Amino acid sequence: MEQFIIRGGNPLVGEVDISGAKNAALGILPAAIMTEDTVRITNLPDVRDINVMLEAMSQIGVKVERVSRHEALITADQVTDVSVDYEFIKKIRASYYLLGALLGKFKRAEVPLPGGCNIGSRPIDLHLKGFRAMGAQVTIKNGVIIAEAKQLHGAHIYLDTVSVGATINIMMAAAMADGRTIIENCAREPHVVDVANFLNSMGANIKGAGTDVIRIRGVEKLHATDYPIIPDQIEAGTFMFAAAATKGDIMVRNVIPKHLEATTAKLLEMGCEVEEFDSAVRVVASKRLTNTNVKTLPYPGFPTDMQPQIGVALSMAEGTSIVTESIFENRFKYIDELARMGGTAKVEGNTAIITGVSKLTGARVSALDLRAGAALVIAGLAAEGITIIDDIKYILRGYENFDEKLRSLGAEIQMIQNEKEEQQFRLRVI
Ligand code: EPZ
């Protein structure tokens with residue numbers, strides 16, 4: 001089973017290029033099947049979640065040509081099936097975006113209900129509420145969501161909770177519904193805007209993405225487009241916190257600084273220097289970080305997907321910090337793993353009280369979900385000694401060439417498959 005092994009202590013120094021945004025691509029790829037023309041998508045991140053989504057699309061008859069690791073041609077002129085296989089939804093919840101795309105285009109879709117997830121129960125009731133409001137009959141039979149409509153019509157939908165997935169899924173279905181749909185209390189994340197821009201580049205009529213009200217006028221047909229995915233703000237933020245935690249000095253390139261404002265604000269509060277350029281940010285941490293408090297919120301608030309990363313950085317900061325997780329109910333599992341490295345934090349409900357320690361020490365830990373895993377890599381990079389991280393399959397779902405990019409910044413990190421490779425690493429770094 002793949003693991004990461006890390007010898008901590010090296011400050012990260014140098015430049016790193018950020019890949020395309022996984023969470024934008026996971027919405028854009030399904031949306032590409034809403035036209036029969038060939039769609040070219042570039043700046044795709046080469047990560048497991050994307051590869052699984054492309055497999056799920058091929059399985060229903062979509063022609064997928066992977067021109068390169070970062071480019072795909074999608075042609076959905078011969079979709080044979082609107083029923084997505086359970087194995088895909090089990091691997092990635094975001095397969096549920098195929099619901100909105102297939103319902104919008106073919107007025108029928110069958111997608112297994114996504115199960116729970118490591119970070120919370122994550123219901124999709126708001127997605128289904130939106131489809132029903134547009135006239136779809138939505139039933140759940142043997143664990144499969146069956147959504148169908150003679151014709152979808154525009155509706156005025158209010159999302160009880162700000163939901164990225166529901167906003168994107170409803171927007172897709174509404175893009176080809178009859179008439180006008182208004183979605184209130186929308187998610188405003190950059191990846192929501194990217195999916196809207198992608199659909200508009202195919203001829204959709206979507207206004208207001210990035211605000212909390214999106215207005216969609218349905219169109220008959222969507223056409224070809226050639227579209228680059230935006231940079232991944234969460235991958236960028238992860239590297240920014242890795243620099244902060246290792247007292248490094250890195251230039252994070254291919255980013256949209258505006259998308260990183262909440263992360264930048266927190267790094268400044270914690271004593272880092274952050275310099276913004278047109279499409280890059282530089283993070284310098286010359287001294288020990290200082291404590292701060294943070295609460296995760298929908299965009300433009302501090303992202304929940306950056307909560308484990310800031311939690312790890314604060315575990316080494318001077319003073320006590322309070323981290324409040326307001327989006328998911330079970331996103332502090334990394335705290336127990338961090339305790340094995342000397343981290344001291346107390347979790348009470350959706351709040352973690354973190355008392356900074358002067359140093360962490362290497363240990364054997366497990367990645368329990370994607371962002372918790374990435375945060376433990378940051379802990380290993382900063383810790384004294386050797387850290388081995390198990391279950392890195394979670395990390396590989398959302399970070400392209402993570403170890404390679406970190407090595408280019410001076411990190412001593414290796415992906416290993418067995419004891420022999422572990423010994424070779426230990427001998428090399430002592
Ligand atoms: C997306 O998940 C992201 N995943 C998550 O990133 C991210 O953490 C999350 O948005 C919040 O930003 C993708 O984009 C593929 P939500 P999503 O719907 O859409 C509740 C990562 O690390 N809710 O915005 O599933 C839900 O339980 C992943 O890349 C309902 O109650 O998140 C949660 O408490 C992890 N009913 C809150 O809304 C619904 O129908 C926000 O969830 C839908 C959501």
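Counting starts at 1 for both ligands and their atoms, following the listed order. Only a predicted model underlies this, so the values are computations on that prediction, with no experimental measurement involved.
Residue Val164 touches ligand 1 through backbone and side chain together, judged by heavy-atom distances below 4.0 Å. Contacts between Tyr299 and ligand 1 below 4.0 angstrom, taking non-hydrogen atoms only, are absent altogether. Counting heavy atoms under 4.0 Å from ligand 1, residue Leu370 touches it through the side chain alone. Under 4.0 angstrom from ligand 1, the non-hydrogen atoms of Pro123 come from both its backbone and its side chain.
The ring-ring contact (aromatic ring centres under 6.0 Å, His included) pairs that include a residue from residues 182-209 are Phe198-Tyr227, where partners are two or more places apart or lie in different chains.
The closest approach between Tyr394 and ligand 1 stays at or above 4.0 Å for every heavy atom of the residue. Contact analysis leaves Thr167 out of contact with ligand 1, as no non-hydrogen atom separation drops below 4.0 angstrom. For Arg331, the closest heavy-atom approach to ligand 1 falls below 4.0 Å.
Close approach of ligand 1 to Ser163 (heavy-atom distance below 4.0 Å) involves ligand atoms 16 (P), 18 (O), 24 (O), 43 (C), 44 (C). Near Leu126, meaning under 4.0 Å from one of its heavy atoms, ligand 1 places the atoms 36 (N), 39 (C), 40 (O). Listed by number with element, the atoms of ligand 1 under 4.0 angstrom from any heavy atom of Tyr96 are 17 (P), 19 (O), 25 (O). Every atom of ligand 1 is numbered from 1 in the order shown, and the set under 4.0 Å from a heavy atom of Ile124 is 39 (C), 40 (O).
In the displayed structure, Asp160 atom CG is contacted under 6.0 Å by more than 12 heavy atoms of other residues, nucleotides or ligands. The environment of NZ in Lys295 is sparse: at most 12 heavy-atom neighbours from other residues, nucleotides or ligands sit within 6.0 Å. More than 12 heavy atoms of other shown residues, nucleotides or ligands fall within 6.0 angstrom of atom CZ in Arg69. At most 12 heavy atoms of other shown residues, nucleotides or ligands fall within 6.0 angstrom of atom NZ in Lys90. Atom NZ of Lys346 has 12 or fewer neighbouring heavy atoms from other residues, nucleotides or ligands inside a 6.0 Å radius. In the displayed structure, Arg108 atom CZ is contacted under 6.0 Å by more than 12 heavy atoms of other residues, nucleotides or ligands.
Considering backbone and side-chain atoms together, Ile327 places an N or O closer than 3.5 Å to an N or O of ligand 1. Considering backbone and side-chain N/O atoms, Arg93 never comes within less than 3.5 Å of an N/O atom of ligand 1. By the 3.5 Å distance cut-off applied to N or O atoms, Asn23 is counted among the residues near ligand 1. At a 3.5 angstrom cut-off on N or O pairs, Gly165 counts as close to ligand 1. By the 3.5 Å distance cut-off applied to N or O atoms, Lys22 is counted among the residues near ligand 1. Close N/O approach between Glu329 and ligand 1 is not found [any backbone or side-chain N/O within under 3.5 Å]. An N or O contact shorter than 3.5 Å links Arg371 to ligand 1 by distance.
Side chain to side chain, Gln3 and Asp390 meet the donor-acceptor criterion of an N or O pair below 3.5 Å. Side-chain contact of Arg48 with Tyr394: a donor-acceptor pair under 3.5 Å is absent, judged by distance alone.
Using modelled atom types, no side-chain atom of Asn142 and backbone atom of Val144 make a donor-acceptor pair closer than 3.5 Å. In terms of modelled atom types and a separation under 3.5 Å, the side chain of Asn169 and the main chain of Gly100 share a donor-acceptor contact.
In terms of protein heavy-atom proximity, atom 20 (C) of ligand 1 is closest to Thr161 CG2, 4.2 Å. The closest protein non-hydrogen atom to atom 32 (O) of ligand 1 is Phe328 CZ, 4.0 Å. Among all non-hydrogen protein atoms, the one lying nearest atom 8 (O) of ligand 1 is Asp305 OD1, 2.5 Å. In terms of protein heavy-atom proximity, atom 11 (C) of ligand 1 is closest to Thr304 CG2, 3.8 Å. The shortest contact between atom 36 (N) of ligand 1 and any protein heavy atom is with Asp125 OD1, 2.7 Å. Counting only heavy atoms of the protein, atom 2 (O) of ligand 1 lies nearest to Arg122 NH2, 3.1 Å.
Distance CD1/Ile206 to CG/Asn200: 5.0 Å, rounded to 0.5 Å.
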Would you sort out whether Arg282 and Asp249 count as a side chain to side chain contact (heavy atoms under 4.5 Å, CB included), showing the intermediate values? CA-CA 7 Å; Arg282 182 178 176 192; Asp249 176 351; 2.6 Å; yes

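Among residues two or more places apart in sequence or in another chain, the side-chain hydrogen bond (donor to acceptor under 3.5 Å, both in side chains) test is passed with Arg188 by none.
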